[in-house]
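Just so it is clear, the values below take in all heavy atoms, side chains as well, and ignore hydrogens, waters and symmetry mates. Read the numbers this way: they start at 1 and go in the same order the structure lists the ligands and their atoms.
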Amino acid sequence: MLTVREVTYQLLRDLGMNLIFGNPGSTELPFLRDMPPDFKYVLALHERTAIGMGLGYAMARGKAAFVNVHSVASVGNGLSALIDAFYCHAPLVVTTGQQDRRHVSAEPFLVSRAVEIVKPYVKWACEPLRAEDVPAAIARGYYLAVQPPMGPVFISIPMDDWTHECQNMTVREVSQIVQPDSAALDEVVRALDSSRNPAIVVGAQIEEDHGWNEVVALAEHLNTDVYQQPIPPRWTFPRTHRLFRGGLLPAQQPLAEQLASYDTVVVLGAPVFLYYAYVPGHTIKPGTKLFQLTNSPQDAAAALAGTSIVGNLAAAARYLRTHAEPRDRKDSSSRESPQPPTPEYPITPAFLFSVLNNVMPRNAVIAEECPSSKGDLDRYLMLDEPGSFYSVPNGILGFGLPAAVGLQLAHPERRVVCPVGDGSIQYSIQALWNAVQHKAPVIFVVLRNGDYSALKSFCDFTQVGRNVHGMDLPGIDIVKIAQGYGMAAQEVDQPGDLESVLEAAFATQEPQLISVNVAKGGQKCMGMDQSVNPPKYG
Ligand SMILES: Cc1ncc(C[n+]2csc(CCOP(=O)(O)OP(=O)(O)O)c2C)c(N)n1
């Protein structure tokens with residue numbers, strides 16, 4: 001007879017989850033002992049970075065990643081990464097230890113109620129009723145995690161379970177493609193065929209469903225303008241494509257105005273819509289036909305307007321292309337390239353990103369977390385390949401660093417760049433150590449403005465005023481912190497030094513941290529200024 005532990009390792013092997021992201025504690029040791037040699041353990045120094053690296057790894061590969069973290073500490077420290085995974089639709093199988101079943105009801109030291117805590121942010125959370133159910137619970141969690149919309153699952157495992165006897169189990173096939181309803185798609189086809197001026201909005205789910213090429217082909221077939229969803233967690237359309245018109249603003253009234261000239265709008269793989277500031281208005285101009293194609297029943301249910309169709313994005317785009325009439329277009333010029341920014345002192349984020357764009361390889365991958373400079377990054381980085389961009393999905397800082405390391409581990413052939421604010425980097429700083437230990441050659445570009453510029457922008461934008469405590473970050477030497485984790489690091493202060501320092505970083509295969517002293521931000525909020533009529537909290 002096999003043990004729960006032996007059956008579990010065989011199951012993980014069969015499911016392709018041989019890499020374990022984790023941080024161990026006493027309740028996980030019975031599982032981790034004598035790990036088979038074909039498994040690799042990626043030790044993180046904090047649960048936020050363990051789950052966060054798993055998240056980056058899972059998103060890059062489009063396959064489930066396995067994480068093992070410690071008891072209830074895992075949800076205390078790691079919950080924000082679990083929430084990221086939930087909103088990123090990242091398939092993660094997260095396991096934690098529980099105290100020994102034989103005295104768990106007596107509330108021993110390290111007893112865990114993690115299952116109850118994580119429930120709103122995972123697709124499924126369980127603690128198996130019997131030890132011998134552990135492998136089946138992991139398998140069930142896996143099959144659910146990879147079902148669209150993908151996401152995290154959570155299994156709490158009592159520490160005495162691993163030595164119990166257990167039946168072997170075989171891996172099953174569970175299909176993952178849900179075809180959208182063709183009768184509902186025919187309605188979109190009719191709307192497109194009778195439209196004078198349609199537009200497409202592209203969202204992150206296109207990549208989850210491997211729909212990039214299908215969506216480009218659809219846009220070219222229809223010759224429509226294409227917009228990226230507001231605050232995109234991924235870019236899902238080539239940035240230099242002649243049909244690409246840029247991003248949508250994250251508030252009701254300005255977003256509806258951006259789309260006001262279109263009579264039909266088809267949203268592919270995004271919520272309708274993701275807003276930030278409350279600027280009331282129509283979801284879409286009255287009279288415009290709005291369709292949402294999504295792999296998420298949640299997003300379909302939560303949409304504020306329009307017709308929603310649930311199913312696979314690649315299949316939906318293919319159906320629309322093969323059924324809708326092709327369209328001609330006279331003015332098919334690309335949007336104007338932004339003016340190259342001048343080298344000012346202090347360095348502006350716009351200049352930084354325009355230099356980075358000139359220097360980085362065309363297949364670079366960006367893991368972004370630079371709140372007040374998102375707009376400049378979006379304007380100046382021109383990447384045209386799938387899987388090029390990942391960002392904070394729900395505003396919780398700490399996403400960028402571990403995601404960058406996970407992405408780099410999954411993509412050794414591409415170079416990951418992590419532009420990160422000097423505030424944001426502190427939320428999961430331990431991931432620098434992982435980049436060094438695992439020789440993951442991420443280039444961390446810190447935008448050092450010495451404050452929480454994004455919050456100051458929000459103060460200006462909403463008339464809160466600047467009389468708010470806790471907005472400045474004096475006295476942090478990020479170069480020394482990175483060096484303390486064993487990473488090559490340097491500061492750039494002069495605009496003239498930027499290009500050569502970045503070039504040298506790309507010329508090595510080592511992780512690097514480049515701390516760039518940049519101008520402080522303010523006033524604008526996520527690309528919106530006073531003209532959008534922001535809420536007034538002052
Ligand atoms: C975990 C978490 N804590 C606090 C915040 C609030 N917050 C949003 S932006 C921001 C400032 C981040 O500073 P920095 O990375 O330096 O970027 P900058 O605003 O200067 O561009 C803060 C603290 C948050 N979003 N998430």
Side-chain angles (χ1 to χ4, degrees), residues 46-49 51-52 55 75-88 121 230-231 233 250 274-277 346-353 356 366-381 390-404 417-432 444-462 464 466 468-479 481-482 491-492 513-528 537:
H46 188 278
E47 287 76 6
R48 208 301 177 218
T49 54
I51 303 177
L55 165 79
V75 293
N77 289 340
L79 186 60
S80 55
L82 216 47
I83 298 171
D84 284 346
F86 186 71
Y87 283 101
C88 285
Y121 293 109
I231 325 178
L274 180 64
Y275 300 127
Y276 179 38
I347 294 170
T348 60
F351 181 74
L352 165 58
F353 290 125
L356 177 61
I366 303 291
E368 178 265 332
E369 193 166 87
C370 48
S372 68
S373 329
K374 273 177 184 291
D376 289 316
L377 182 148
D378 192 72
R379 255 184 302 285
Y380 288 100
L381 296 192
Y390 299 84
S391 180
V392 187
N394 196 36
I396 308 174
L397 298 178
F399 165 91
L401 260 66
V417 182
C418 179
V420 59
D422 54 348
S424 299
I425 196 171
Q426 303 300 339
Y427 293 85
S428 49
I429 189 81
Q430 306 87 348
L432 294 178
F444 299 93
V445 180
V446 182
L447 286 93
R448 183 168 178 261
N449 54 18
D451 69 2
Y452 287 157
S453 276
L455 297 188
K456 291 183 178 175
S457 312
F458 198 79
C459 289
D460 296 346
F461 180 67
T462 59
V464 167
R466 285 285 181 103
V468 183
H469 289 278
M471 298 282 114
D472 294 305
L473 302 175
I476 301 174
D477 188 336
I478 191 67
V479 169
I481 293 174
E491 182 179 279
V492 173
L513 182 139
I514 301 168
S515 175
V516 184
N517 295 334
V518 294
K520 293 181 192 301
Q523 296 177 0
K524 280 197 176 189
C525 169
M526 299 269 189
M528 297 181 290
Y537 301 124

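The closest approach between a heavy atom of Gly398 and any atom of ligand 1 is not below 4.0 Å.
Between Phe458 and Tyr452, the ring center distance fails the sub-6.0 Å criterion.
Residue-level proximity to ligand 1 for Leu447 is absent, since no heavy atom of it falls below 4.0 angstrom. Heavy atoms of Leu397 found under 4.0 angstrom from ligand 1 belong to the backbone as well as the side chain.
Here the closest non-hydrogen pair linking Leu447 and Pro349 is CD2-CB, 4.0 Å.
For residues 468-478, the set of pairs meeting the salt bridge (Lys or Arg N to Asp or Glu O under 4.0 Å) definition, not counting sequence neighbours, comprises Lys456-Asp472, Asp477-Lys480.
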Enumerate donor-acceptor pairs with a distance under 3.5 Å from any side-chain N or O in residues 390-401 to protein atoms, sequence neighbours excluded.
| unit_1 | atom_1 | unit_2 | atom_2 | d |
| --- | --- | --- | --- | --- |
| Ser391 | OG | Glu368 | OE1 | 2.4 |
| Ser391 | OG | Lys374 | NZ | 3.3 |

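Protein heavy atom in closest approach to atom 17 (O) of ligand 1: Pro371 CD, 3.4 Å. For atom 21 (O) of ligand 1, the closest non-hydrogen atom of the protein is Ser372 OG, 2.5 Å. Regarding atom 19 (O) of ligand 1, its nearest protein heavy-atom neighbour is Ala454 N, 2.6 Å. With respect to atom 6 (C) of ligand 1, the closest heavy atom belonging to the protein is Leu455 CD2, 4.3 Å. Nearest protein heavy-atom contact of atom 14 (P) of ligand 1 is Gly423 N, 3.5 Å.
Taking any N or O of Tyr452, backbone or side chain, none lies under 3.5 Å from an N or O belonging to ligand 1. Of the polar atoms of Ser373, none of the N or O atoms is found under 3.5 Å from an N or O of ligand 1, judged by distance alone.
Residue contact check: Tyr427 has heavy atoms under 4.0 Å from atoms 1 (C), 2 (C), 3 (N), 4 (C), 23 (C) of ligand 1. In summary, the atoms of ligand 1 found under 4.0 Å from a heavy atom of Gly395, numbered by their order in the structure, are 24 (C), 25 (N), 26 (N). Listed by atom number, the atoms of ligand 1 under 4.0 Å from Ser424 heavy atoms are 12 (C), 14 (P), 15 (O).
Using a 4.5 Å cut-off on side-chain heavy atoms (C-beta onward), Asp451 and Met471 make no contact. Side-chain contact between Leu513 and Ile425: present, with at least one pair of heavy atoms (C-beta onward) separated by less than 4.5 Å. In this structure, Met528 and Phe461 have side chains that are in contact, with non-hydrogen atoms separated by less than 4.5 Å.
Atoms CD1 and OG, from Ile476 and Ser515 in turn, are 10.5 Å apart once rounded to the nearest 0.5 Å.
At a cut-off of 3.5 Å, with distance as the only test, no side-chain donor of Arg48 or Asn77 sits close to an acceptor on the other residue.
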